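Structure first, then comments.
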Protein chains: 2
Amino acid sequence: MDLYDEEQLTRDYFDFLRFRSISADPEYGGEMRACADWVAKYLEESGLQVEQWETPGYPVVAGKWMGAEGKPTLLLYGHYDVQPVDPLDEWESDPFEPTVRGRDVFARGAQDNKGQILYAMAAIRALMKRDGKLPINVKVCIEGEEESKSVGFSKVLEERKEQLQADYLVAPDFDIPAADRPSIVLGLRGLVALTVDLRGSKHDLHSGMAGGIVYNPNHALVEMLAALRNEEGQVVVPGFYDDVEMLSDEERDLLTLDLGDEQLYREEFEAEANGGEADLPPGESARARPTLEINGISGGYSGPGFKTVIPAQAQAKISCRLVPHQDHAKIRDAIVKFLEERCPKGMEMTVTDHGGAGAMRASVKGPLVDALAKAYEEVFGKECVRTLSGGSVPITQQLARVAGAEAVFMGTGLMSDAIHAPNEHFNLDRQRLGFQVFARFLELL
Amino acid sequence: MDLYDEEQLTRDYFDFLRFRSISADPEYGGEMRACADWVAKYLEESGLQVEQWETPGYPVVAGKWMGAEGKPTLLLYGHYDVQPVDPLDEWESDPFEPTVRGRDVFARGAQDNKGQILYAMAAIRALMKRDGKLPINVKVCIEGEEESKSVGFSKVLEERKEQLQADYLVAPDFDIPAADRPSIVLGLRGLVALTVDLRGSKHDLHSGMAGGIVYNPNHALVEMLAALRNEEGQVVVPGFYDDVEMLSDEERDLLTLDLGDEQLYREEFEAEANGGEADLPPGESARARPTLEINGISGGYSGPGFKTVIPAQAQAKISCRLVPHQDHAKIRDAIVKFLEERCPKGMEMTVTDHGGAGAMRASVKGPLVDALAKAYEEVFGKECVRTLSGGSVPITQQLARVAGAEAVFMGTGLMSDAIHAPNEHFNLDRQRLGFQVFARFLELL
């Protein structure tokens, strides 16, 4: 197949990675817009009609090619923003200067999502260049706030409803279980994301003078957070599991949820796979069951040496992953109520809601899933499994609904790519496989 | 009394405050040494014989005047280092540019300890200037790591034993209950200070992929820390209270432990006085009973926005205040054992010991205490109470033992001076009172 040009793709890839497009940090606003311009130019040069949709946050780059009359329309969704990079001192090379070691490219966004969305964009460009047309109609939506709960895009979805209409939606933002084991993701978990702030006094106090008198916000926080789960790893917030639907027998038959993971976790991450619900295999606990995690905790002094302080305030960032049919607002309210009930007298508790969504789960059979599975099987020469993801892309659920599209998720990432972590990387061979699968998928659909 | 020259004292005070002498942060090594030189010069110009004693850390400035043959020797102890200044954005003026608002001087160290040790040094200087001599023999020891557990000074104490010999030891580092209520501190609490680090995986993980599989170090940490105390605010570490000695009837009679504090806490600190043991008045809980506080907690993402991460590591800084006759090493070991027993499988726990000491409590009657009480009563025109402090100055206990001295603590600080916190300040009138008390004390002893 002469479609694939690694030299050109790598040049474009590195240009894309050099933008410090961290949507969570307002400092990088200029780089965000420059990155959006770069994506728009790339799609234009590929032969698509391109617009940038302004939002209350960062712009969405929208492209389309509608020349395949009578054929279905596929909506391709991705994002040009990336996660923050801290702790910076754990990176072995500059997160915004792509560095190749072996066949791996190290950079923030190397996989999530620049490395993956680019192979899909490059496949469209290559088909247009070779054939002057595409086998089906294609719309492209690449937004700038996926890592910040899509605050901008979600606000303009309804007004862009007509432009977004499509038969199918695909988001190349996912992992395969191993480099030679193709897989399609049929479900995502929903999300609740909260910041909880506690304030105990007007300013920091001296632990010798005030210790034994005031209630330390750090103590209040650890007591409130520890109460959220029991010793079996279950969330004890009242109502948390009420609406959880277990897998049907057909889903259990057709889905592969085995992660082969306990050994993988020990070797790859130097971690035990002992954090889930006590009576469930880790693969099911992480994909078909809801979880609650403390993503950040801070309060008082954490610099060098020691400071005998009773801090004025302490903070936790908490998120839940949800499964069908948990309602994200109901779960959020139940957690807030649970924490409020345990907040000591005189301690001020403030909650910031970072948005969220319910879970999403597609049918395990159908033309979209079947075409994508066949593309994977041809390119990899291996059977393609159908599975669920433990992750969340809240915007895709809203987007699929507004677009009227059946949605499925693909990817050639590996769990060891260290997305959201220091030394994120992606492999050039897996980028080529992603390109080939996506190009073949367009032909088969 | 023409001894006191506020204009001159304020000039010297501001020079002293401008040194960024943060012992906990290696970045300020140069400022630390410049500050020691300034103190040495001040004492030399006062007529004392001065040396700087090198230590494994920062130097101790040692001065003496031994011209009062047959008279007792008083050892004056203080420190020229200060606490770190974060959170910097809560300061209303530069912590190292002394700023006067009303009669208050705002700066890091304004009270603890530069503002207080300086009035004692200035009283010595003024007496020498007026009389050409002092009423008793005086030794001065001003060290540079009191806020860093005196790591340097404690190492050289034994080898300086002969030079440190004294009859009495006084440390002007303390509070009075109100601006018109003189008080002498006869006891200090001991200290245990630990940093506990947990590591769960090699690098940060994505909470969508790994949530429900790995054990989140933030969860392990809050569960371990929450287990340390019960709902009555008592520490449940086995053995923690075993050696605690309650106050004797004579101590209860002669000591004033009433803080008048619940109202003070509500108004001054916007905090409830509800953090101590449930069945004890706050004043006794904070001064005559041991405590355990989480001084710092950190793990995962705490920047703007949200990051759905399962952090590789989490950390807590924990300290205890001890009372007679708790052994600090025994308490430290009991806490470490308690935490280790609750550390989940596969989680690596590392403990850093920041040093400590047992508690110290002087006799409630005697020539030293009586002279100091009389000086306070003459200057303030009010009865001087005898009390205990909830704080710790671990080095003073070792110093008193090595010097063979009876020790007592004085001061004109107020709890509202915000020591160890943003906007630390000291009042120029209370600095004058401290000067007058110390000068009169030298005459009466």
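The model shown is predicted, which means the values in this text are computed figures rather than measured ones. Hydrogens, waters and symmetry mates are skipped; everything else that's a heavy atom, side chains included, is used. In what follows, chains carry the letters A, B, and so on, assigned in the order in which the sequence lines appear, proteins first and then strands, with residues in each chain numbered from 1.
Of the atoms belonging to B:Ala314, not a single heavy atom falls under 4.5 Å from chain A. A:Thr291 touches chain B through its side chain: at least one heavy atom from C-beta onward sits under 4.5 Å away, while N, CA, C and O do not. Neither the backbone nor the side chain of A:Asp112 has a heavy atom closer than 4.5 Å to any heavy atom of chain B. Of the atoms belonging to A:Leu292, heavy atoms from both backbone and side chain fall under 4.5 Å from chain B. Residue A:Ala210 touches chain B through both its backbone and its side chain, counting heavy-atom pairs closer than 4.5 Å. Residue A:Glu424 does not touch chain B at all, counting heavy-atom pairs closer than 4.5 Å. With a 4.5 Å cut-off on non-hydrogen atoms, B:Glu293 touches chain A through its backbone and its side chain both. Contact annotation for A:His219: both backbone and side-chain heavy atoms come within less than 4.5 Å of a heavy atom of chain B. Heavy-atom distances place the backbone of A:Ile318, and not its side chain, under 4.5 Å from chain B.
Interface remark: of the candidates B:Gly391, B:Gly303, B:Gly275, B:Gly275 forms the most heavy-atom pairs closer than 4.5 Å to chain A. Of the residues considered (A:Pro422, A:Pro290, A:Ser302, A:Gly299), A:Gly299 shows the highest number of contacts with chain B, using heavy-atom pairs under 4.5 Å. Ranked by heavy-atom pairs shorter than 4.5 Å toward chain B, the options A:Ala418, A:Ser319, A:Ser201, A:Gly300 are led by A:Ser201. Ranked by heavy-atom pairs shorter than 4.5 Å toward chain B, the options A:Asp204, A:Ile310, A:Ile297 are led by A:Ile297. Put simply, of A:Gly346, A:Pro217, A:Ser285, the one with the most heavy-atom pairs under 4.5 Å next to chain B is A:Ser285. When A:Ser23, A:Pro84, A:Ser148, A:Ser392 are compared by the number of non-hydrogen pairs under 4.5 Å with chain B, A:Pro84 comes out ahead. Residue with the most contacts toward chain A among B:Ala227, B:Ser298, B:Gly233, B:Pro26: B:Ser298 (heavy-atom pairs, distance under 4.5 Å). Chain B forms the most heavy-atom pairs under 4.5 Å with one residue out of A:Asp86, A:Ile419, A:Leu188, and that residue is A:Asp86.
Side-chain atoms of A:Asn295 do not come within 3.5 Å of backbone N or O of B:Phe306 as any donor-acceptor pair. For B:Lys317 (side chain) and A:Gly305 (main-chain N/O), a donor-acceptor pair under 3.5 Å exists by modelled atom type. Within the 3.5 Å criterion, the main-chain N or O of B:Ala24 finds no donor-acceptor partner in the side chain of A:Lys307. The main-chain N or O of A:Gly211 is never found under 3.5 Å from a side-chain atom of B:Arg321 such that the two would form a donor-acceptor pair. Checked by atom type and distance alone, the side chain of B:Arg289 never pairs as donor or acceptor with a backbone atom of A:Gly212 at under 3.5 Å.
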- Should A:Arg229 and B:Glu223 be marked as a side chain to side chain contact (heavy atoms under 4.5 Å, CB included) after you check the CA-CA gap, both sets of side-chain angles, and the distance that decides it? CA-CA 9 Å; A:Arg229 305 204 310 187; B:Glu223 287 156 9; 4.3 Å; yes

- Message: Between B:Glu272 and A:Val214, does the side chain to side chain contact (heavy atoms under 4.5 Å, CB included) criterion hold? Intermediate values first, please.
- Response: CA-CA 6 Å; B:Glu272 289 289 321; A:Val214 299; over 6 Å; no

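Between B:Gly208 and A:Arg189, the closest heavy-atom pair is O-NH2, 3.1 Å.
Here the CD-NZ distance, from A:Glu90 to B:Lys202, works out to 12.0 Å after rounding to the nearest 0.5 Å. Between B:Thr308 atom OG1 and A:Glu147 atom CD the span is 7.0 Å, to the nearest 0.5 Å. Interatomic distance, B:Thr195 OG1 to A:Tyr301 OH, rounded to the nearest 0.5 Å: 9.5 Å.
Screening A:Val222, A:Asn218, A:Leu221 against B:Leu225 for a side-chain contact (heavy atoms from CB on, under 4.5 Å) leaves a single residue, A:Val222.
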